[in-house]
Amino acid sequence: MDKVLARGSGSAAARSRPRTAVVAMVAGAAVVAATIAVATSASAGTTLGASAAEQGRYFGTAVAVNKLSDSTYVGILNREFNMVTAENEMKWDATEPSRNQFNYTNGDRLVAHAQANGMRVRGHALLWHQQQPGWTGSLSGSALREAMLNHVTQVATHYRGKIYSWDVVNEAFDDGNNGARRNSNLQQTGGDWIEAAFRAARAADPGAKLCYNDYNTDNWSWAKTQGVYNMVRDFKSRGVPIDCVGFQSHFNSGSPYPSNYRTTLQNFAALGVDVQITELDIEGSGSSQATSYGNVTRDCLAVARCNGITVWGIRDTDSWRASGTPLLFDGSGNKKQAYTAVLNALNEGGTPPPTTAPPTSTPPTSAPPTSTPPTSEPPTTPP
Ligand code: 9MR
């Protein structure tokens, strides 16, 4: 408000105008400023979760259950976030350490914390080539296929009704420039393993949104992005039950925030799936980091089917990439410039989410957007 008045009354143009015009202009500016102030105080949230909720979105974080005894950590968690993801506690090695013997202790602790504090839960992740229990190493072919689908069914059944969306399959595409599937033990059980997993998950928990989740799929021109896009388009055309795509969005100098990020989100959403930013962290500091965080937030808000944003940890010191200080709170729990950029972007608002339940299985009716063919390979360093 001060800036508006100072600029208007102090300029050479303002000084040379007749007094009545100046009075009218100042009064007009005051009205505009007061309107903005009222609108801001009436709509602006003061926490990430509240501000996202005002836009029909959520704001989440990855949680390490063993930190729920850290009062600074829990204080920020409960104040700022309304969605949680288990950083490791719902992965295959954690939930099925021995074949067909399930351990839900830590996953259940997270769900209980979320429910007690009005938060929802993203399930992460039913199938992944990493963090598998040792016993899967001795299986292959139909035996691994059976064990894999049993895992999906058992875990999704255990958490049935408690999960907002599941990462059913995580990181199944290759980092090369061919847009192909990653060659994992899961892929070797048959090229249809991903759709089989989605069908098993749908049968076990029909109320959860089912997502495919990956990294280095943020830049529309990258081959990996196109590979995942083609899979989702194929799934939608054949009625495979997929509801959403998760963009991990681990950004650093080797894999920076791409200027076509919004295009990527829009093009996936146009296939008839929701999009979610699932593991956001951006290495850096100060205003450049804050600018990228603000851009990501505005990009999500610009896409009606972008449900929300999850950051991959609370304080920089909680991050898997702690040395890159990639999160919204410093090691002492203070809000960083990046936090303010996100909160301001949320409070600016965006495109409201669809008012009617989006279709979950209508195939696309038009040809996919023609895209510039991928010209570069994503970095090969896995996140
Ligand atoms: O943050 C997780 C870290 O604590 C684990 O050691 C690691 C194991 O691979 O997984 C990290 O989380 C990953 C997530 O599950 C999938 N996308 C990449 C994340 C960062 O590596």
Side-chain angles (χ1 to χ4, degrees), residues 60-68 70 73 77 81 83-97 106-107 109-110 121-134 136-137 151-152 155 159 163-175 181-182 184-186 194 197 210-219 222 224-225 227-228 244-257 275-283 296 308-329 331 378-383:
T61 180
V63 169
V65 166
N66 63 8
K67 289 181 184 156
L68 290 176
D70 174 335
Y73 183 89
L77 171 64
F81 297 97
M83 182 74 77
V84 288
T85 304
E87 187 171 1
N88 289 297
E89 294 80 353
M90 292 188 188
K91 291 173 181 173
W92 199 345
D93 60 347
T95 50
E96 195 181 359
N106 287 327
R109 283 179 63 198
L110 182 63
V121 181
R122 291 196 79 260
H124 174 79
L126 292 172
L127 295 176
W128 188 21
H129 65 283
Q130 285 184 26
Q131 283 183 273
Q132 294 184 10
T136 61
H151 180 75
V152 171
V155 177
Y159 287 111
I163 301 293
Y164 168 74
S165 63
W166 264 115
D167 292 333
V168 178
V169 170
N170 191 43
E171 302 179 9
F173 275 72
D174 196 68
D175 283 309
R181 298 276 187 88
R182 180 190 297 278
S184 69
N185 63 338
L186 303 175
I194 298 182
L210 305 181
C211 300
Y212 175 79
N213 191 53
D214 215 328
Y215 66 91
N216 281 349
T217 49
D218 316 289
N219 190 321
W222 281 359
K224 188 172 174 180
T225 310
V228 174
C244 40
V245 176
F247 297 83
Q248 294 185 9
S249 307
H250 294 291
F251 295 129
N252 59 17
S253 54
S255 178
Y257 161 79
V275 293
Q276 302 176 359
I277 297 167
T278 52
E279 305 183 15
L280 180 63
D281 49 22
I282 306 176
E283 292 193 51
V296 169
I309 299 173
T310 295
V311 287
W312 204 241
I314 297 180
R315 301 162 299 196
D316 285 335
T317 44
D318 299 316
S319 170
W320 69 298
R321 281 177 166 171
S323 64
T325 61
L327 295 173
L328 301 178
F329 297 87
T380 47
T381 331

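Reckoned from all heavy atoms, side chains included, excluding hydrogens, waters and symmetry mates. Counting starts at 1 for both ligands and their atoms, in listed order.
In this structure D218 satisfies the salt bridge (Lys or Arg N to Asp or Glu O under 4.0 Å) test with no other residue, sequence neighbours excluded. Considering only residues two or more places apart in sequence or on other chains, D318 meets the side chain to side chain contact (heavy atoms under 4.5 Å, CB included) condition with K67, Y73, I314, R315.
Taking NZ from K224 and CG from D175, the interatomic distance works out to 4.0 Å, rounded to the nearest 0.5 Å. Rounded to the nearest 0.5 Å, atoms OH (Y257) and CG (N219) are 11.0 Å apart.
Numbered from 1 in the order shown, with element, the atoms of ligand 1 that lie under 4.0 Å from a heavy atom of E171 read 16 (C), 17 (N), 18 (C). Every atom of ligand 1 with a heavy atom of Q130 under 4.0 Å away is listed here by number and element: 9 (O). In the vicinity of Q248, heavy-atom distances shorter than 4.0 Å reach the ligand 1 atoms 17 (N), 18 (C). Numbered from 1 in the order shown, with element, the atoms of ligand 1 that lie under 4.0 Å from a heavy atom of Q131 read 7 (C), 8 (C), 9 (O), 10 (O).
Remark: the N170 side chain and the Q248 side chain contain an N/O donor-acceptor pair separated by less than 3.5 Å. Residues E279 and H250 have side chains that bring a donor and an acceptor to within less than 3.5 angstrom of each other.
Ligand 1 has a nitrogen or oxygen under 3.5 angstrom from a nitrogen or oxygen of K91. For ligand 1, the polar-atom distance check against W320 finds no nitrogen or oxygen pair separated by under 3.5 Å.
Within the 4.0 Å heavy-atom criterion, the part of N170 lying near ligand 1 is the side chain and not the backbone. With a 4.0 Å heavy-atom cut-off, ligand 1 is reached by the side chain of W312 but not by its N, CA, C or O.
V311 places a side-chain heavy atom less than 4.5 Å from the side chain of F81.
At distances below 3.5 Å, not a single donor-acceptor pair connects side-chain atoms of S165 with backbone N or O atoms of L210.
Residue nearest to atom 14 (C) of ligand 1, selected from M90, H124, E87: H124 (by heavy-atom distance). Looking at T85, D281, D93, N88 and measuring to atom 5 (C) of ligand 1, the nearest heavy atom belongs to N88.
Under a 4.0 Å heavy-atom criterion, H250 is in contact with ligand 1.
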